[in-house]
Student: 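Attaching a single structure in structure tokens format; questions to follow.
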Amino acid sequence: MYENMVTARHYEERLVEEYLEGKQPSFDISAGPIPGELHLAAGHEASGAGVCQHLHPEDAVTAPHRPHHVAIAKGVDLKRMTAEIFGRETGLCRGKGGHMHLFDDAVNFACSGIIAQGCPPAVGAAMAAKKRNEDSVAVAFLGEGAIDQGAFLESLNMAAVHELPVVFVIEDNDWAISMPKERVTDVRNGADRAGGFDMPGTRVDYDDATAVYEAAEEAIERARQGGGPTLMEVQVHRRMGHFMGDAEGYRPDEDKERAERLDSIERLRNDLRVSGVGADRVAELRERAEERVEEAIEWAKDQPEPDPETALEDVFTNPPERETPGAPLAAGGGDDE
Ligand SMILES: Cc1ncc(C[n+]2csc(CCOP(=O)(O)OP(=O)(O)O)c2C)c(N)n1
Ligand SMILES: [Mg+2]
């Protein structure tokens, strides 16, 4: 878990450096080697690491727009994930998805920028496993800002009615962009939503990877043994802005300082030391993580960019016919199928 967490933290620290290249001084979001938005999960690492530690490659995981820590903990190919973030041809989605749309079928991982969108596919994966009599499970990660979404609530109902092997993990970082949760959600603890459905709800009140590990073990084992779904919530902390470039003018200084103080990585490092893991071993894990990150970034930056000719390949709709490239569509043109 520690290695996964330091990998995720260092990965994002390096992405920040790469992301800012060429974007300053006026913050041009489309400039530099990583154009577009970037949502960082620093402060969420305990959740991904504690849950995914119990999963096998065939177990499905869906994540939201803040996916890096979960992807790393699920074992997504770091080089191809990095190439995707840099928009390269050898990226997980041939450079067309970017950091919010990573998809790795080798380990059954997907994420999406649409809030709560990962819940229905996770229910689908769990239903498939049950119908095939396999003991795999599915896990959907989502933010606390997503728990009023229809897709989430319908997924809970479907999972409970069919007793599906799925675990929903709410990452409660107290904020949905600039919106504090108490202004938009009627429950203080997201896990209380389970009470409206026939499933257990459990909350880990502090982002301690070991506590997450233990809560997830119970939920995932129950799902694997045919005991149905669980709703889990983990208190995490958003150490950064909602996305890179967010000035966070809405956020009290104390809230930010608190997030920085309550660092789950430091907590786990101390716990490891107290349990007798030597300083050398801890340093070795950290160094190995850092080397892996550097290698992935170097590799990705060396990869070719996609050929513009392939821009309309692997997309869901058939591109409408144009008589000449760039010309307006003929009336009634296009093929909706
Ligand atoms: C269906 C939908 N509505 C709105 C948005 C815009 N949006 C992007 S992130 C976000 C807030 C999400 O907050 P939360 O679920 O708590 O996740 P966090 O960013 O805190 O990790 C919103 C509203 C979206 N992506 N999808
Ligand atoms: Mg949130």
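One-based numbering, in listed order, for ligands and for the atoms of each. Given the structure is predicted, the values throughout are model-derived calculations rather than measurements.
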Student: Report, in ascending order of atom number, the atoms of ligand 1 lying under 4.0 Å from any heavy atom of Glu144.
Tutor: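 Under 4.0 Å from Glu144, ligand 1 has these atoms: 16 (O).
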Student: Just checking, any donor-acceptor pair under 3.5 angstrom between side chains of Asn173 and Gln235?
Tutor: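 No donor-acceptor contact under 3.5 Å links the two side chains.
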Student: Identify, by atom number and element, the atoms of ligand 1 in contact range of Asn173, meaning under 4.0 Å from any of its heavy atoms.
Tutor: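 Listed by number with element: 18 (P), 20 (O), 21 (O).
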Student: Heavy-atom pairs closer than 4.0 Å: do any link ligand 1 to the side chain of Arg238, the backbone, both, or neither?
Tutor: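 No part of Arg238 comes within reach of ligand 1.
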Student: Sub-3.5 Å donor-acceptor pair from the side chain of Glu45 to the main-chain atoms of Ile265, do we have one?
Tutor: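 No; judged by distance alone, with no hydrogens or angles, the pair does not exist.
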Student: Taking only heavy atoms of His242 into account, list the atoms of ligand 1 that are under 4.0 Å away from them.
Tutor: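 Listed by number with element, the hits are 9 (S), 19 (O).
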Student: Look at the rings of His39 and His99 and say which category their plane angle falls in: under 30° parallel, 30 to 60° tilted, over 60° perpendicular.
Tutor: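 Taking His99 first and then His39, their aromatic rings lie parallel (interplane angle under 30°).
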Student: Under a heavy-atom criterion of less than 4.0 Å, does Met179 contact ligand 1?
Tutor: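 No; Met179 lies far enough from ligand 1 that no heavy-atom distance drops under 4.0 Å.
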Student: Just by modelled atom types, is the Ser30 backbone N or O under 3.5 Å from a matching donor or acceptor in the Lys23 side chain?
Tutor: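 Flag not set: sc Lys23 to bb Ser30 has no pair under 3.5 Å.
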Student: Look at atom 22 (C) of ligand 1 and say which protein heavy atom is nearest, naming residue and atom and giving the distance to 0.1 Å.
Tutor: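 Answer, as residue, atom name and distance: Ile177 CD1, 3.7 Å.
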Student: Using 0.5 Å steps for rounding, measure from the OG atom of Ser136 to the CG atom of Leu55.
Tutor: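 If we round to the nearest 0.5 Å, Ser136:OG and Leu55:CG are 10.5 Å apart.
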Student: With heavy-atom distances below 4.0 Å as the criterion, list the atoms of ligand 1 near Arg66.
Tutor: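 The list of qualifying atoms is 18 (P), 19 (O), 21 (O).
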Student: More than 12 foreign heavy atoms under 6.0 Å from CD of Glu163: is that the case here?
Tutor: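 No - once you tally the heavy atoms of other residues, nucleotides and ligands closer than 6.0 Å, there are 12 at most.
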Student: Can you say whether the rings of Tyr19 and Phe27 are parallel (under 30°), tilted (30 to 60°) or perpendicular (over 60°)?
Tutor: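 Ring orientation, 0 to 90° scale: tilted.
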Student: Side chain, backbone, both or neither: which applies to Glu171 and ligand 1 if a contact is any heavy-atom pair less than 4.0 Å apart?
Tutor: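 No part of Glu171 comes within reach of ligand 1.
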Student: Looking at Val61, Val70, Ile220, which hits side-chain contact (heavy atoms from CB on, under 4.5 Å) with Val51?
Tutor: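 Option passing the side-chain contact (heavy atoms from CB on, under 4.5 Å) with Val51: Ile220.
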Student: Kindly say whether Arg188 contributes a backbone atom to a donor-acceptor pair with the side chain of Lys181 at under 3.5 angstrom?
Tutor: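 Yes: the side chain of Lys181 pairs with the backbone of Arg188.
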Student: Please write down residue, atom name and distance for the protein heavy atom closest to atom 25 (N) of ligand 1.
Tutor: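 Result for atom 25 (N) of ligand 1: Gly113 O, 2.8 Å.
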Student: Considering just N/O/S atoms, say which atom of Glu144 is closest to the Mg ion (ligand 2).
Tutor: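 Distance check against the Mg ion (ligand 2) picks out OE1 in Glu144.
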Student: Relative to ligand 1, is Ile115 under 4.0 angstrom through side chain, backbone, both or neither, heavy atoms considered?
Tutor: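 Both the backbone and the side chain of Ile115 come within reach of ligand 1.
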Student: Among protein heavy atoms, which sits nearest to atom 17 (O) of ligand 1, and what does the distance come to when rounded to 0.1 Å?
Tutor: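 In this structure, atom 17 (O) of ligand 1 has His65 CE1, 3.5 Å as its nearest protein heavy atom.
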Student: So if I count the atoms of ligand 1 from 1 in the order they appear, which ones are less than 4.0 Å from some heavy atom of Gln149?
Tutor: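 Heavy-atom distances to Gln149 below 4.0 Å select 1 (C).
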Student: Examine all N, O or S atoms of Trp175, backbone included, and report whether one is under 2.8 Å from the Mg ion (ligand 2).
Tutor: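 Checking the Mg ion (ligand 2) against Trp175, an N, O or S atom does fall under 2.8 Å.
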Student: Regarding ligand 1, does Ile114 bring an N or O atom to under 3.5 Å of one of the ligand's N or O atoms?
Tutor: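 The answer is no, given that Ile114 and ligand 1 share no N or O pair closer than 3.5 Å.
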Student: Can a donor-acceptor pair be found, under 3.5 Å and without considering hydrogens, that links the side chain of Gln303 to the backbone of Trp299?
Tutor: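 Yes: the side chain of Gln303 pairs with the backbone of Trp299.
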Student: Pairs of nitrogen or oxygen atoms closer than 3.5 Å, one from Gly145 and one from ligand 1: do any exist?
Tutor: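 Yes.
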Student: For Arg88 and Lys301, indicate whether the former's side chain and the latter's backbone hold a donor-acceptor pair under 3.5 Å.
Tutor: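 Side chain of Arg88 to backbone of Lys301: a pair is present.
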Student: Does the protein put any heavy atom within less than 4.0 Å of atom 10 (C) of ligand 1?
Tutor: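 Yes, because at least one protein heavy atom sits under 4.0 Å from atom 10 (C) of ligand 1.
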Student: Picking from Lys79, His101, Met81, what satisfies side-chain contact (heavy atoms from CB on, under 4.5 Å) with Leu92?
Tutor: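 So the option named by the test is Met81.
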Student: For ligand 1, which atoms, with element, lie under 4.0 Å from some heavy atom of Ala146?
Tutor: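 Once the distances to Ala146 are compared, the set is 15 (O).
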Student: Counting from 1, what ligand 1 atoms have a heavy atom of Trp175 closer than 4.0 Å?
Tutor: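 That gives atoms 16 (O), 20 (O) of ligand 1.
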